[in-house]
Amino acid sequence: MRKATVAIVGRPNVGKSTIFNRLVGERISIVEDIPGVTRDRIYSQAEWLNTNFNLIDTGGIEIGDEPLLMQMRQQAEIAIDEADVIIFIVNGKEGITAADEEVAKLLFKSNKPIILAVNKVDNPEMKHEIYEYYSLGFGEPFPISGAHGLGLGDLLDEVVKHFPTLEQDQDDEDTIYFSLIGRPNVGKSSLVNALLNEERVIVSDIEGTTRDAIDTKLHKDGQDYVIIDTAGMRKRGKVYESTEKYSVLRALRAIERSDVVLVLIDAETGIREQDKKIAGYAHDAGRGIVIVVNKWDTLETNDKTMKEYEEKIRAHFQFLDYAPIVFLSAKTKKRLHTLLPMVKIASENHAKRIPTNVLNDVIMDAIAMNPTPTVKGQRLKVLYATQVAVKPPAFVIFVNDPELMHFSYKRFLENKIRDAFGFEGTPIKILARKRS
Ligand code: GDP
Ligand code: GDP
């Protein structure tokens, strides 16, 4: 199901990131006990009254060293481009400034629903001071205090009211959604084009999530795929499109809708720090991952090259040890045919369910082979295990005391589960829960 997107706009120091963090909260879920590689605070998921939505803090998108007003203008444009509803925040302690009016003018022209929030209204006496904000022209201003968490419920009630009715993605279950991420110039657009022009591929455009985004549907060997639009593919000539934070935002949005993410590496330039950061986003999001080493045609290869390159990748991307690696050339199309089958395997594993009895047989065999550890005289006891989620697969192992389940033993069990069920291309999550 596609989710609505909300963007927060306003000048610096009005409290955008404070409110973003409040709304995102500590999203405690069973899939979050693995330490993440990255935490990017410009884009996240939030929830209100059982409605999930995406939230963007446009203030976190710095746009070079442009003058302040120009930056704000571009942040507002990003909000208008990316969001279904915009929260416009002003500072209740300072009144309306010229910069607020400037942003208001831009937002006004957008035809998007704009909800005006007056922040830093920390006590009820201040509430009657908010009337001057009607003059911005966005109707009733909502007094809030990000710092104290006041008024946010009323604000969100109003925000949710303006969510568009979102059509369900068609064929959701049988179609594999994937996206390509990677540094500029790794060959994302070239690879998409190569895939679309491959033999026996049937291509059709379908409407994407934002008004001008197009997802591309392709059919190959009996399987439907949808390629989700990424930064590299939407060259519309806007100033902010080349900024790093904006490409991160686009990548995060594409990852969010994907079953499988292709992490592209440029064989010619080799692995860079930025590649790891980008791959970290896909890993954190719990998506299926295939590493694609593109531009394979630029290397002088012999029968050892691939093996050596793989070792290099494994050393750099230890957190992606489950991701298969495909070597290919988007330009010459060499080995291109190996890609989609791998995407399919990753996707199937990402959605795979293991019956409880089979899972427990494997766990008990593993324990018989390598008995549970004893910590300070107390032995870890494993009672039983069960799979609690897919996409990615998550397993809960019930034990006498979760404190006794050390990382290394968890890792051992994870490896046994992987050996038994072959979860190539997907992260899996393992949680220890107390059950006496
Ligand atoms: P941003 O630049 O718009 O993202 O603003 P920040 O979220 O970084 O907040 C700027 C400053 O305002 C910080 O010092 C916050 O602690 C403070 N602040 C944020 N919300 C409130 C609020 O509701 N009341 C008060 N008094 N201060 C706030
Ligand atoms: P993007 O920014 O990631 O979308 O990268 P592009 O697809 O625009 O490609 C960047 C440059 O790399 C272009 O000049 C492409 O022609 C080139 N390129 C892409 N794939 C390959 C490849 O497999 N081999 C070689 N030699 N060049 C490639």
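Order of listing sets the numbers, starting from 1, for every ligand and every atom in it.
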Open item on the list: Is there a side-chain contact between V6 and I56 in this structure, where contact means two heavy atoms from C-beta onward sitting under 4.5 Å apart?
Closed with: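 V6 does not reach I56 side chain to side chain.
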Task: Within-4.5 Å side-chain heavy-atom neighbours: N13 and N91 - done: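 Side-chain contact under 4.5 Å: no.
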Task: L264 backbone acceptor or donor facing K188 side chain under 3.5 Å - done: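 The answer is no, because no donor-acceptor pair under 3.5 Å joins these two groups.
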Task: Closest to atom 11 (C) of ligand 2 among R183, K295, E268 (heavy-atom distance) - done: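 Residue with the shortest heavy-atom distance to the ligand atom: K295.
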TODO: May I ask which of S329, G182, P184, S190 has a heavy atom nearer to atom 7 (O) of ligand 2 than the others do?
DONE: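 It is S190 whose heavy atom sits nearest to atom 7 (O) of ligand 2.
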Open item on the list: Show the nearest heavy-atom pair for residues L336 and L195, with the distance to one decimal.
Closed with: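 Minimum heavy-atom contact is CD1-CD2, 4.1 Å.
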Task: Atom indices of ligand 1 within 4.0 angstrom of T18 heavy atoms, with elements - done: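 Under 4.0 Å from T18, ligand 1 has these atoms: 6 (P), 7 (O), 9 (O), 15 (C), 19 (C), 20 (N).
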Open item on the list: Does the Lys NZ or Arg CZ of K312 fall within the cation-pi geometry relative to Y309 - under 6.0 Å from the ring centre and within 45° of the axis?
Closed with: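 Output yes; distance and angle both within limits.
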With respect to [X], determine whether any N or O atom, backbone or side chain, lies less than 3.5 Å from an N or O atom of ligand 1.
| X | value |
| --- | --- |
| V121 | no |
| P12 | no |
| S145 | yes |
| I144 | no |

TODO: Report the C-alpha distance between V9 and L106 in whole Å, list the side-chain angles of each, state the deciding distance to 0.1 Å, and finish with yes or no for side chain to side chain contact (heavy atoms under 4.5 Å, CB included).
DONE: CA-CA 11 Å; V9 176; L106 267 176; over 6 Å; no
- [ ] Might you confirm whether atom OH of Y134 has over 12 heavy atoms from other residues, nucleotides or ligands at distances under 6.0 Å?
- [x]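 For Y134, atom OH is crowded (more than 12 foreign heavy atoms under 6.0 Å).
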TODO: Check each heavy atom of K93 against ligand 1 and say whether those closer than 4.0 Å belong to the side chain, the backbone, both or neither.
DONE: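 The side chain, only.
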Task: Residue part near ligand 1, for D57, under 4.0 Å between non-hydrogen atoms - done: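 Neither; nothing of D57 gets under 4.0 Å from ligand 1.
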Open item on the list: Distance under 4.0 Å to a non-hydrogen atom of T298: what atoms of ligand 2 satisfy this?
Closed with: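 So the answer, numbered in order with elements, is 26 (N).
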Task: ligand 2 atoms in contact with K331 (distance to a heavy atom under 4.0 Å) - done: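 With K331 as reference, the close atoms of ligand 2 come out as 21 (C), 22 (C), 23 (O), 24 (N), 25 (C), 26 (N), 27 (N).
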Open item on the list: Starting from atom 28 (C) of ligand 1, what is the nearest protein heavy atom, named by residue and atom, and what distance separates them?
Closed with: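 Among all protein heavy atoms, the one nearest atom 28 (C) of ligand 1 is K120 CE, 3.7 Å.
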Task: N/O separation below 3.5 Å, A330 to ligand 2 - done: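 Between A330 and ligand 2, an N or O pair is found under 3.5 Å apart.
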